Amino acid sequence: MKKTLRFLLAFLIAFLLMMVVRLVGFTIYTINGAGLEPTFQAGDRVMVNRWSYGLRVGGKGSFFDYGRIVRRPVSKGDLVAFEHPQDNSQILICRCTALPGDSVNYDGQTLLVPSLEDCADSDYYWLESINPVNATDSRTLGFISEEQIIGRAFMVVYSHEPQSPVWKGWQTNRILLPL
């Protein structure tokens with residue numbers, strides 16, 4: 001009985017530690033589409049560092065106002081994981097191509113990416129997918145608020161082809177692939 005209780009306690013502590021790391025430090029998202037090929041392929045499991053731009057606290061639907069602990073800006077070229085502006089359950093990953101205050105030429109227009117000086121809530125970024133076919137990025141969503149940004153994607157942990165049985169479809173050349 002004592003060994004069983006000790007095992008259950010160790011299991012519970014390990015589970016709680018894993019949940020804290022996943023909620024606060026790192027998380028893994030699955031790539032479903034082809035918007036970032038060849039960098040990402042459908043079925044890639046991508047690790048995202050939630051601390052890369054500062055840990056997000058509060059925001060829409062929260063008791064607290066939006067803020068970041070140890071805030072750091074996004075850099076051009078970063079692969080950024082963010083919540084879809086209309087559906088925060090959908091997570092997207094795009095490359096940052098313009099920072100707050102930069103100009104963007106899009107559809108024959110020159111757009112200025114707003115910054116903290118232009119609006120009260122947060123900086124905004126222009127994020128684009130690499131593959132423009134059916135892309136869901138700033139070209140269709142507009143500027144992405146810092147509040148919607150989760151973190152920086154930095155590694156493909158593993159890849160498994162969608163629709164393949166669990167014993168097939170593993171892509172061994174994409175295991176622990178740095179980005």
Side-chain angles (χ1 to χ4, degrees), residues 7-57 59 67-85 87-99 122-141 144-179:
F7 172 78
L8 288 175
L9 183 62
F11 182 78
L12 179 64
I13 290 170
F15 178 76
L16 290 174
L17 283 173
M18 181 207 53
M19 291 303 292
V20 167
V21 167
R22 183 160 159 65
L23 291 172
V24 175
F26 302 94
T27 192
I28 296 175
Y29 294 108
T30 302
I31 302 296
N32 293 320
L36 282 174
E37 285 183 352
T39 304
F40 295 121
Q41 297 175 2
D44 283 354
R45 276 35 174 214
V46 178
M47 186 170 290
V48 173
N49 180 351
R50 291 178 172 267
W51 279 94
S52 53
Y53 308 120
L55 184 63
R56 209 168 50 147
V57 292
R68 289 206 181 251
I69 299 171
V70 191
R71 183 179 184 271
R72 288 188 289 286
V74 176
S75 299
K76 276 188 185 176
D78 283 359
L79 290 168
V80 179
F82 64 99
E83 296 172 345
H84 191 287
D87 177 11
N88 64 359
S89 68
Q90 185 179 358
I91 305 301
L92 305 168
I93 298 178
C94 291
R95 189 173 301 281
C96 179
T97 56
L99 302 172
S122 64
D123 281 338
Y124 286 80
Y125 298 88
W126 188 264
L127 305 176
E128 292 184 15
S129 60
I130 295 167
N131 186 344
V133 179
N134 297 324
T136 304
D137 59 13
S138 288
R139 292 171 284 193
T140 56
L141 300 172
I144 305 301
S145 166
E146 178 185 72
E147 187 173 342
Q148 296 161 322
I149 292 176
I150 297 167
R152 186 176 66 82
F154 70 96
M155 177 187 294
V156 175
V157 180
Y158 67 94
S159 187
H160 185 265
E161 293 174 5
Q163 311 302 325
S164 292
V166 77
W167 59 89
K168 287 185 180 179
W170 294 95
Q171 299 179 33
T172 55
N173 63 328
R174 299 191 63 77
I175 295 174
L176 301 178
L177 181 68
L179 301 173

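All values below were derived from every heavy atom in this structure, side-chain atoms included, with hydrogens, water molecules and symmetry-related copies excluded. Since we're looking at a predicted model, the values are computed, not measured.
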Novice: Apply salt bridge (Lys or Arg N to Asp or Glu O under 4.0 Å) to the pair R68 and E147, showing each step before the final yes or no.
Specialist: CA-CA 9 Å; R68 289 206 181 251; E147 187 173 342; over 6 Å; no

Novice: Can you tell me how far the OH atom of Y29 sits from the CD1 atom of I91, to the nearest 0.5 Å?
Specialist: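 One finds 4.5 Å between OH of Y29 and CD1 of I91.
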
Novice: Nearest 0.5 Å, what's the CG-CD distance between N32 and Q90?
Specialist: 9.0 Å

Novice: To the closest 0.5 Å, what do you measure between OG1 (T140) and NE2 (H84)?
Specialist: 6.5 Å

Novice: Before you tell me yes or no, could you show the steps for Y125 and V80 under side chain to side chain contact (heavy atoms under 4.5 Å, CB included), namely the whole-Å CA-CA distance, both residues' side-chain angles and the distance that decides it to 0.1 Å?
Specialist: CA-CA 10 Å; Y125 298 88; V80 179; over 6 Å; no

Novice: State, yes or no, whether a side-chain contact exists between Q171 and Q41 at a heavy-atom distance under 4.5 Å.
Specialist: yes

Novice: I want to check something: taking the side chain as every heavy atom from C-beta on, are T136 and L141 in contact at a cut-off of under 4.5 Å?
Specialist: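 When only atoms from C-beta onward are counted, L141 and T136 do touch, with a gap below 4.5 Å.
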
Novice: Quick one: are I144 and W126 in side-chain contact, heavy atoms under 4.5 Å?
Specialist: no

Novice: Check whether any side-chain heavy atom of R71 lies under 4.5 Å from a side-chain heavy atom of Y53, and answer yes or no.
Specialist: no

Novice: Are the side chains of V46 and V157 in contact, using a 4.5 Å heavy-atom criterion?
Specialist: no

Novice: Donor-acceptor pair, distance only, cut-off 3.5 Å: does the side chain of R45 make one with the backbone of G43?
Specialist: yes

Novice: Got L127 and R139 here, is their nearest side-chain heavy-atom distance under 4.5 Å?
Specialist: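 No; the side chains remain at least 4.5 Å from each other.
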
Novice: Just so I know, are the side chains of R56 and I150 near enough to count as touching, which here means a heavy-atom distance under 4.5 Å?
Specialist: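 Yes, close enough: below the 4.5 Å cut-off.
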
Novice: Hey, are the side chains of R95 and D78 touching, using non-hydrogen atoms and a 4.5 Å cut-off?
Specialist: no

Novice: Do S52 side-chain atoms and R152 backbone N/O form a donor-acceptor pair below 3.5 Å?
Specialist: yes

Novice: Would you call D44 and R174 a salt bridge, using N to O less than 4.0 angstrom?
Specialist: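 A salt bridge is present here (some side-chain N lies under 4.0 Å from a carboxylate O).
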
